Amino acid sequence: MNKLIDTPLFDCIAQSADDIYAYVYDPATRLTRYSKPCVDYFDLPSEYTNNSREVWLSRIHPDDQHIYVDDISAVMSGKTSKHHCQYRIRNRYGSYVWLECDGKMISDDEGKHYLFADLMKRIDNFAKYDPLTKLLAISELEYTSFSGRTGTMLLVALDHFRNVVSSFGLNFSERIIVHVATLLQSMCGKDDRLYQFAAHEFLFDLPGHDADYASELFTRIYDELSQVHYIGEHAIALSVSGGIAEYPKHADSRDDLVSYLELGLEYAKEHCRGSVVTYTRSLSSKQQEITDLRIALSESIQKGFKGFELYYQPIYSQRDTTYRSCECLLRWNHNEKVVRPDLFIPLLEDSGEIIHVGNWVMEEAIRTFVDWRKRGILTHMGFNTSPLQYRDTAFAERLIECGKRAGITPSDITVELTESYGVNNFQALKDSVEMLRKEGYRVSMDDFGMEHSTMALLRSIPVDSIKIDHTFVFGLRKPDSHVDHAMIQALINMAHQIGILVVAEGIEDEQLRMTLANMGADLMQGYLYSKPVPKEEFERLIG
Ligand code: G
Ligand code: G
Ligand code: MN
């Protein structure tokens with residue numbers, strides 16, 4: 001009999017619930033007494049033991065043993081009186097279950113350890129792990145203490161995942177998520193932890209690492225995911241954006257860290273999709289501006305696209321020495337300022353509203369075109385579309401329908417495909433382009449050569465012309481421009497060999513015009529002729 005641990009009170013508590021396991025420990029005699037359910041469930045050699053540490057440790061999952069050892073040692077050495085941790089432990093059936101321990105050491109008047117008691121609860125496996133990916137559930141982050149630790153968190157989100165779901169369906173989307181989760185897990189270091197943050201968002205806890213390390217990890221992830229992956233019968237490439245926050249540098253609580261990660265991620269999505277943004281204090285105020293813009297954009301759309309306007313920029317034909325066409329460029333009038341598309345198109349893409357605005361652009365462009373054609377102002381026109389408008393063939397069908405109603409000749413209209421963001425329903429894009437070209441519409445690949453995927457895209461989706469981006473053309477101004485020169489010349493030759501036209505953008509001066517003309521570019525667009533201007537101004541310019 002040990003008067004400390006053989007008490008009716010312990011007997012009573014020990015039998016109070018089958019799924020709570022208890023033990024008491026007498027530091028003076030080093031004797032431990034386990035509750036009956038504990039002995040049974042973990043198949044312990046006996047109710048009493050003198051080497052509880054070994055008995056217990058031998059059952060804990062090897063990956064989690066340090067959690068237990070660190071925590072219990074802190075109590076036994078007197079550093080703290082409370083024992084609180086979670087780990088996996090093997091039960092009598094040989095499988096691991098999660099336990100949460102809450103223990104307390106009390107001391108006598110002289111401060112000597114007197115009695116330790118511990119209640120251990122099984123925490124449900126379902127809550128611990130995401131049911132789909134089996135990654136740690138984000139709720140588990142609550143049990144991570146950031147005090148006294150340094151490290152970094154990286155939040156990674158798949159871009160445009162809403163689009164993936166609407167293109168491929170939920171089932172396939174879940175397969176993508178599992179595929180990505182497995183891949184990310186394989187990129188974790190020994191002490192790193194990977195949590196399922198949201199359906200298509202993943203959070204790395206990288207103890208002992210800094211933001212540079214997280215940034216490099218992000219780049220590796222990006223490179224890996226942007227390769228073509230074969231999942232089932234689909235070939236897909238994915239793009240990710242991310243946010244980084246360091247602890248304790250930026251914050252030392254879970255809530256603050258997570259909101260800073262979100263800020264970085266949001267910022268990346270809006271300004272530099274496909275990259276990772278590390279938290280800084282000024283991000284918060286910038287983000288507020290963005291939130292205000294989002295709200296104002298939605299209001300504009302609801303009020304019948306109030307404030308949206310098309311500007312027009314002429315496209316000059318070298319051969320005909322005349323204005324052959326124009327490009328419609330979207331503007332948004334907000335607070336008496338004209339907002340450029342680079343700022344608001346990503347927001348519309350993110351919210352999905354680009355579908356509605358894209359339809360409006362198309363209809364407005366055709367309205368103007370019909371008017372100009374009647375008045376003999378211009379006979380061709382081009383407008384931009386976002387890759388998100390091709391998640392199915394609805395947009396192509398709508399354009400064909402709209403063109404018929406307006407009585408236009410389809411070959412007078414060019415649809416520009418703007419840069420792609422990685423996640424694309426290639427098949428729907430291909431079907432749309434084929435549908436439009438069959439009808440007679442012209443299709444142009446915008447920003448050609450800026451993305452490494454454009455060549456591959458051109459091989460599988462034939463178009464009528466390519467547009468060489470102005471930043472590419474500006475390369476010709478550098479003193480040692482021979483590489484840019486050779487590349488642009490190669491693009492032009494390639495286009496001509498397959499029988500398609502080349503539009504050179506960014507023709508700002510006579511020098512560039514001459515250079516591009518000598519290289520064989522068919523059509524010219526740039527400030528030399530005119531900036532994009534409102535409708536009436538364009539009419540004065542051309543008329
Ligand atoms: O007009 P600006 O000169 O700032 O154009 C910037 C970019 O915005 C263009 O390269 C183009 O890709 C995009 N853009 C302009 N108008 C539209 C539009 O109507 N729809 C889409 N999707 N993108 C547009
Ligand atoms: O959709 P796309 O990326 O092709 O849109 C053309 C973009 O190029 C628009 O942002 C337009 O304002 C811009 N642009 C057109 N001509 C010039 C030019 O001569 N110089 C510069 N800097 N930008 C131009
Ligand atoms: Mn364009």
Side-chain angles (χ1 to χ4, degrees), residues 160 163 270-271 273 297 300-301 305 307-316 323 325-333 337-369 381-391 395 399 413-421 424 429 442-451 454 463-477 502-513 515-516 521 523-534 538:
H160 295 308
N163 198 38
E270 276 142 22
H271 299 275
R273 231 172 232 287
L297 276 167
S300 283
I301 293 169
F305 301 94
F308 286 101
E309 183 183 0
L310 289 186
Y311 275 35
Y312 304 86
Q313 187 179 31
I315 297 178
Y316 185 83
Y323 291 122
S325 181
C326 76
E327 176 176 1
C328 304
L329 291 151
L330 186 59
R331 297 290 182 266
W332 181 48
N333 301 289
K337 278 210 263 319
V338 182
V339 187
R340 304 255 317 222
D342 336 7
L343 210 65
F344 66 83
I345 298 256
L347 301 185
L348 295 174
E349 288 182 331
D350 203 41
S351 68
E353 287 164 319
I354 190 68
I355 304 290
H356 308 299
V357 176
N359 288 335
W360 180 84
V361 167
M362 180 268 287
E363 281 156 22
E364 177 72 9
I366 288 189
R367 256 194 302 277
T368 303
F369 179 72
M381 176 181 274
F383 64 87
N384 292 291
T385 54
S386 155
L388 299 195
Q389 291 173 262
Y390 299 100
R391 58 181 186 188
F395 173 75
L399 167 55
I413 300 291
T414 298
V415 181
E416 294 190 10
L417 308 174
T418 55
E419 82 188 275
S420 83
Y421 293 107
N424 267 315
L429 177 67
R442 309 282 158 145
V443 177
S444 184
M445 248 178 227
D446 216 348
D447 310 320
F448 198 82
M450 297 311 289
E451 289 247 323
T454 42
V463 294
D464 302 279
S465 57
I466 56 172
K467 296 189 78 172
I468 300 182
D469 194 66
H470 57 271
T471 47
F472 212 171
V473 167
F474 293 164
L476 297 175
R477 286 173 166 164
V502 177
V503 186
E505 272 182 8
I507 305 301
E508 289 194 344
D509 51 48
E510 184 52 30
Q511 177 100 40
L512 278 177
R513 190 197 66 78
T515 311
L516 267 302
L523 296 156
M524 306 283 181
Q525 180 179 352
Y527 295 172
L528 173 66
Y529 305 100
S530 167
K531 290 192 171 184
V533 290
F538 187 88

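Each ligand, and each atom within it, is numbered from 1 in the order the structure gives. This one's a predicted model, so the numbers in the text were calculated from it and none came from an experiment. Residues take their numbers from the sequence shown, with the count starting at 1. Keep in mind that the numbers below use all heavy atoms, side chains included, and drop hydrogens, waters and symmetry copies.
Screening R331, R340, Q525 against P532 for a side chain to side chain contact (heavy atoms under 4.5 Å, CB included) leaves a single residue, R331.
Residue S386 approaches ligand 1 through these ligand atoms, each under 4.0 Å from one of its heavy atoms: 22 (N). Atom numbering of ligand 1 starts at 1 in the shown order; those under 4.0 Å from a heavy atom of V361 are 19 (O). Of all the atoms in ligand 1, the ones that sit under 4.0 Å from a non-hydrogen atom of R331 are 1 (O), 2 (P), 3 (O).
Within D446, OD2 is the N, O or S atom that lies nearest to the Mn ion (ligand 3). Note on E416: its N/O/S atom closest to the Mn ion (ligand 3) is OE1.
Remark: side-chain polar atoms of S530 are not paired, donor with acceptor, to backbone N or O of G526 under 3.5 angstrom. Put simply, the side chain of D464 gets close to the backbone of V443: a donor and an acceptor are under 3.5 Å apart. No donor-acceptor distance shorter than 3.5 angstrom exists from the side chain of S444 to the backbone of D446, with no hydrogens or angles considered.
Among the atoms of D447, no N, O or S atom is found under 2.8 Å from the Mn ion (ligand 3).
A salt bridge links E505 to K467: at least one charged side-chain nitrogen sits closer than 4.0 Å to a carboxylate oxygen. Salt-bridge annotation for E508 and R477: present, with a side-chain N of the basic residue lying under 4.0 Å from a carboxylate O of the acidic one.
S386 and T418 get closest at one heavy-atom pair: CA-OG1, 3.7 Å. Closest approach of T385 and Q389 over heavy atoms only: CA-OE1, 3.3 Å.
With the Mn ion (ligand 3) as the vertex, OE2 of E327 and OD1 of N384 span 80° to the nearest 10°.
Side-chain contact, Y316 with S325: no donor N or O sits under 3.5 Å from an acceptor N or O.
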Show me the short polar-atom pairs for ligand 2: any N or O of it lying under 3.5 Å from a protein N or O, with distances only.
unit_1   : atom_1 : unit_2 : atom_2 : d
ligand 2 : 1 (O)  : E327   : OE2    : 3.2
ligand 2 : 1 (O)  : N384   : OD1    : 3.1
ligand 2 : 1 (O)  : D446   : OD2    : 2.8
ligand 2 : 3 (O)  : D447   : OD1    : 3.0
ligand 2 : 4 (O)  : D446   : OD1    : 2.9
ligand 2 : 4 (O)  : D446   : OD2    : 3.2
ligand 2 : 4 (O)  : E505   : OE1    : 3.4
ligand 2 : 4 (O)  : E505   : OE2    : 2.2
ligand 2 : 8 (O)  : H470   : ND1    : 3.0
ligand 2 : 16 (N) : Q313   : NE2    : 3.1
ligand 2 : 19 (O) : Y527   : N      : 2.8
ligand 2 : 20 (N) : E508   : OE2    : 2.6
ligand 2 : 22 (N) : E508   : OE2    : 3.0
ligand 2 : 23 (N) : Y527   : OH     : 3.3

